[in-house]
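Report on one structure; see the data block that follows.
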Amino acid sequence: MSQSNLYPYQNRYPIQRRLPDKGRSREEILAEMTTMAREEDAAWENGKCSGTMYAGDHEHYHFLNQAFALFGHGNVLQRDICPSATRFEGEIIAMALDLFHAGEVKGSEPAGTITTGGTGSILHAMLSYREHARRHRNITRPNFIKPETAHPAFDKAAHLFGIETRTAPVDPKTTLVDLAWVESHIDENTVALVGSAGNYGYGTIDPIADLSRLALARKVGLHVDGCLGGFILPFGEELGYDIPIFDFRVPGVTSISADTHKYGYALKGTSVLLFRDKELRNSLYFTVPEWSGGKYMSPGMEGSRSGGLIAAAWAAMVQLGREGYLHYAKGIFETSSAMQQAVHSHPELRILGKPTFLFSFTSDVFDIYHINDFMRVRGWRFNGQQYPNAIHMAVTRPQIQPGVAEAFAADLAGAVAYAKEHAAEMPQSASIYGGVLGGMTDEAGEFIRAYMAHLLDAHQALPSRS
């Protein structure tokens with residue numbers, strides 16, 4: 001990326017290369033930040049941005065910011081002076097357990113914890129399985145099995161915690177995990193299986209009931225990653241959509257992750273991780289009773305946490321209630337259905353699998369990134385995929401605005417005509433989103449990793465001196 005794209009503010013505002021000798025006024029700072037915020041909000045307010053902003057409601061954000069402001073300075077690690085955090089955290093967990101039918105669990109006490117987001121929930125889930133298996137099954141070389149479509153945070157967990165990842169292939173037509181492969185790769189060191197509800201790439205839901213039967217038969221855990229769909233799929237089921245059961249009503253499901261900061265409409269930075277059995281949750285606890293600084297304990301990897309994020313998540317859930325969540329889910333499912341119908345109307349396009357609120361599509365006639373090139377000029381921002389090249393649309397509340405689905409259909413028709421006309425050419429966005437021709441190789445992977453590291457370096461750096 002060019003320096004102007006990475007650092008668009010470099011010629012408009014002073015660059016802080018050192019702590020300023022004298023502070024600036026609060027008014028000046030807030031004016032500068034307000035300008036940047038309003039300009040960046042314009043990228044999603046029109047409803048043409050896939051995912052990213054799940055509520056897209058400035059009045060709602062203002063309400064959450066007010067809730068955050070009341071408790072943002074508090075540290076929930078210090079419960080003696082922040083007892084409100086116990087109320088907020090306990091009630092968030094209780095509401096989520098109820099949503100996922102933990103009341104039907106028999107023979108154990110369901111429990112949960114609050115994490116910093118989807119990755120945090122996935123990391124903690126895998127850590128809990130590792131620790132529990134070490135204590136109760138004497139497993140020192142654990143492995144877990146996940147579909148290829150499962151979130152990369154599972155790979156991060158394996159990398160951080162020394163767990164072997166066994167990645168199961170998925171059916172190219174249905175996008176769902178290959179159950180026979182999973183069954184054949186379970187062994188005495190397997191601590192958990194993973195299924196998505198739904199996965200980030202395609203919005204499809206793995207066969208959780210079938211994975212449950214495998215997990216129960218082989219006496220291993222089953223984690224359902226509902227980070228993306230957890231706070232919308234239950235309401236889709238209530239509305240009558242064909243949503244397969246994926247929660248604690250399925251007897252083999254031992255943990256579920258669901259992000260309050262996505263379709264829970266909270267601020268970024270909270271997620272819930274739920275367990276069928278409190279003992280599995282408690283394997284995350286970290287205590288040091290002998291430290292000279294006092295007795296230390298934390299419920300997971302984080303120590304200090306802001307009370308503001310937990311308070312805002314609680315406020316979002318209580319303010320919306322089931323009625324509010326159901327209302328927005330209805331609009332999202334209806335809008336997604338209309339958009340999917342627009343895709344189906346073009347024989348050149350093909351939707352992957354059987355999606356829900358999020359759908360992905362490709363083409364067997366031309367490179368799908370020609371569609372992306374055309375739609376990008378019209379203001380649309382999709383998420384790109386590879387193997388096969390595809391683009392997906394995660395429908396959120398900004399898309400349920402009047403006219404957005406109609407604009408999608410009209411622009412898509414123009415994009416198909418453009419793609420057919422330019423089918424022999426290389427699409428501009430293929431180099432950004434698309435897979436390596438001929439499949440990934442070690443050499444290509446090394447080059448791509450180096451480029452990704454370069455981008456991460458740039459995201460944490462300053463523009464070069466002119």
Side-chain angles (χ1 to χ4, degrees), residues 51 112-113 115-134 139 141-171 175-179 181-183 185-187 189-208 210-212 214-215 218 220-230 246-247 252-259 261-262 271-276 280-281 283-284 300-302 358 360 383 385-387 392 394 440 445 449 452:
T113 192
T115 74
T116 57
T119 293
S121 284
I122 289 169
L123 292 180
H124 279 88
M126 293 302 102
L127 181 59
S128 71
Y129 285 111
R130 188 194 75 173
E131 293 300 289
H132 191 268
R134 177 182 293 170
I139 291 177
R141 300 181 65 183
N143 69 69
F144 66 87
I145 302 173
K146 72 174 185 70
E148 188 282 328
T149 48
H151 197 278
F154 288 100
D155 299 276
K156 182 183 286 188
H159 168 73
L160 291 173
F161 304 142
I163 309 173
E164 179 193 351
T165 309
R166 297 181 178 178
T167 303
V170 300
D171 184 298
T175 75
L176 304 183
V177 67
D178 184 331
L179 290 166
W181 194 100
V182 172
E183 184 174 18
H185 285 77
I186 300 172
D187 64 20
N189 289 319
T190 301
V191 298
L193 311 179
V194 172
S196 301
N199 59 60
Y200 169 82
Y202 306 119
T204 51
I205 301 171
D206 281 311
I208 303 303
D210 293 323
L211 288 170
S212 167
L214 290 179
R218 302 297 290 273
V220 299
L222 172 57
H223 178 75
V224 175
D225 177 21
C227 285
L228 179 62
F246 65 88
D247 56 26
V253 172
T254 48
S255 59
I256 302 171
S257 52
D259 287 357
H261 74 188
K262 290 190 175 76
S271 174
V272 294
L273 173 59
L274 309 174
F275 297 91
R276 178 176 290 270
L280 185 57
R281 189 274 306 271
S283 65
L284 291 170
M301 288 182 285
E302 293 86 15
L358 180 156
S360 171
N383 294 301
Q385 299 163 276
Q386 56 186 356
Y387 311 123
H392 91 208
M440 184 64 71
R449 287 188 180 91
M452 294 166 83

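None of the values given here were measured: they were computed from a predicted structure. Every heavy atom of this structure was used, including side-chain atoms; hydrogens, water molecules and symmetry mates were not.
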Would a 4.5 Å heavy-atom cut-off, applied to side chains only, mark His223 and Phe144 as touching? no
Between side-chain atoms of residues 155-165 and protein atoms elsewhere (two or more places apart, or another chain), which donor-acceptor pairs fall under 3.5 Å?
from, atom 1, to, atom 2, distance (Å)
Glu164, OE1, Arg166, NH2, 3.4
Glu164, OE2, Arg166, NE, 3.0

Minimal heavy-atom distance between Asp225 and Ser257, with the atoms involved, is OD1-OG, 3.1 Å
Tell me the closest heavy-atom pair linking Ala133 and Val191, and the distance in Å. CB-CG1, 3.4 Å
In chain order, what residues pass the side-chain contact (heavy atoms from CB on, under 4.5 Å) check against Ala168, with sequence neighbours excluded? Ile145, Val177, Trp181, Val182
His392: which residues meet the ring pair (Phe, Tyr, Trp, His ring centres under 6.0 Å) condition with it, sequence neighbours left out? Tyr200
Do you see a donor-acceptor pair shorter than 3.5 Å between the side chains of Ser271 and Ser121? yes
List the residues meeting side chain to side chain donor-acceptor pair (under 3.5 Å) with Asp206, not counting sequence neighbours, and say none if there are none. none
State, with a plain yes or no, whether a side-chain heavy atom of Asp247 is found less than 4.5 Å away from one of Val253. no
So, Asp259 side chain and Gly118 main chain: donor-acceptor pair closer than 3.5 Å or not? yes
Show, in sequence, the C-alpha distance, side-chain angles and deciding distance for Gln385 and Ser360, and conclude whether the side-chain contact (heavy atoms from CB on, under 4.5 Å) test is met. CA-CA 9 Å; Gln385 299 163 276; Ser360 171; 2.7 Å; yes
So do the side chains of Thr119 and Thr116 get within less than 4.5 Å of each other, counting heavy atoms only? no
Quick check: closest heavy atoms across Ala258 and Gly230, and the distance to 0.1 Å? CB-CA, 4.0 Å
Could you give the distance from OG1 (Thr115) to CG (Leu123), rounded to the nearest 0.5 Å? 8.5 Å
Between NE2 on residue His124 and CG on residue Leu284, distance to nearest 0.5 Å: 6.0 Å
Applying side-chain contact (heavy atoms from CB on, under 4.5 Å), name anything that partners Thr204, two or more places apart in sequence or on another chain. Thr175, Leu176, Asn199, Tyr202
Looking at Gly201 and Leu358, what are the two nearest heavy atoms and their distance? O-CD2, 3.8 Å
Could you tell me whether the side chain of Thr254 and the main chain of Leu222 form a donor-acceptor pair under 3.5 Å? yes
Would you give the length of the straight line joining atom CZ of Arg130 to atom CG of Asn143, rounded to the nearest 0.5 angstrom? 14.0 Å
Shortest non-hydrogen contact from Leu214 toward Leu179: CD1-O, 4.0 Å
Shortest non-hydrogen pair, Met301 vs Leu127, comes out as CG-CD2, 4.2 Å
For Ser196, check side chain to side chain donor-acceptor pair (under 3.5 Å) against everything at least two apart and list the hits. none
Does Arg218 have any salt bridge (charged side-chain N to carboxylate O under 4.0 Å, His left out) partners at least two apart in sequence or in another chain, and if so, which? none
Go through Leu193 and Ile186 one step at a time and tell me if the side-chain contact (heavy atoms from CB on, under 4.5 Å) criterion holds. CA-CA 9 Å; Leu193 311 179; Ile186 300 172; 4.0 Å; yes
Heavy-atom side-chain contact between Thr167 and Lys146 under 4.5 Å: yes
Salt bridge (charged side-chain N to carboxylate O under 4.0 Å, His left out) partners of residues 193-204, not counting sequence neighbours, each pair once: none
Sequence neighbours excluded, which residues qualify as side chain to side chain donor-acceptor pair (under 3.5 Å) partners of Arg281? Tyr285
Quick check: do Leu228 and Lys262 have side-chain heavy atoms less than 4.5 Å from each other? yes
Which residues pass the ring pair (Phe, Tyr, Trp, His ring centres under 6.0 Å) test with His132, sequence neighbours left out? His136
With sequence neighbours left out, the residues meeting ring pair (Phe, Tyr, Trp, His ring centres under 6.0 Å) with Tyr129 are none
Only counting residues at least two apart or in another chain, list the ones meeting side-chain contact (heavy atoms from CB on, under 4.5 Å) with Ala197. Ile205, Val224, Leu233, Phe246
